[in-house]
Amino acid sequence: ETVTALTTDAPLTLTAADVARHRQAGDVVEMEAAAVFAAARRRGVRAGAVLVVSDHYGDDDWYLGDPPTVAAALSTAVSDVVGALRSLDD
């Protein structure tokens, strides 16, 4: 499944309306890729990210993902990225 991710280095600055809008859209919020994109912009290079949702925050509580399910999703994501990178050589 493909979703839109809000990447920010300051998620605590999001307003309640921001969180509600992203939750309603089914989007995810993550913090790590923000640094990758900021560095790429500064260097003038392209960047990309593949994200695997491992846990979520909802109803004012944190829900951790199931480790075997997360591991399987990460394995699939890495295989897909490696396959895509190999196809660039073709």
Side-chain angles (χ1 to χ4, degrees):
E1 178 180 356
T2 302
V3 298
T4 300
L6 168 65
T7 182
T8 177
D9 59 352
L12 298 178
T13 64
L14 296 175
T15 66
D18 292 333
V19 172
R21 185 177 69 252
H22 288 291
R23 183 177 287 159
Q24 185 177 27
D27 296 343
V28 296
V29 177
E30 68 82 44
M31 300 180 311
E32 290 77 12
V36 172
F37 292 119
R41 182 179 354 194
R42 178 155 171 78
R43 300 236 179 235
V45 298
R46 296 183 338 181
V50 175
L51 308 173
V52 173
V53 178
S54 59
D55 50 316
H56 71 279
Y57 184 80
D59 301 326
D60 297 325
D61 203 359
W62 197 262
Y63 300 95
L64 299 179
D66 175 56
T69 302
V70 173
L74 286 169
S75 178
T76 299
V78 169
S79 294
D80 290 347
V81 169
V82 169
L85 291 172
R86 285 185 175 149
S87 72
L88 295 176
D89 287 339
D90 294 342

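All values derive from a computational prediction rather than experimental measurement.
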Enquirer: Does the D18 side chain pair with the main chain of T15, one donor and one acceptor, at a distance under 3.5 Å?
Expert: yes
Enquirer: Among all residues two or more places apart in sequence or in another chain, which pass the side-chain contact (heavy atoms from CB on, under 4.5 Å) test with V70?
Expert: S54, L74
Enquirer: V36 and V45: same hydrophobic cluster, using ILVMFWY side-chain contacts below 4.5 Å?
Expert: no
Enquirer: For residues L88 and V81: do they belong to one hydrophobic cluster (side chain heavy atoms under 4.5 Å, members Ile, Leu, Val, Met, Phe, Trp, Tyr)?
Expert: yes
Enquirer: Is the backbone N or O of A71 less than 3.5 Å from a side-chain atom of S75, with the two atoms forming a donor-acceptor pair by type?
Expert: no
Enquirer: If the condition is salt bridge (charged side-chain N to carboxylate O under 4.0 Å, His left out), which residues does D66 pass it with, not counting sequence neighbours?
Expert: none
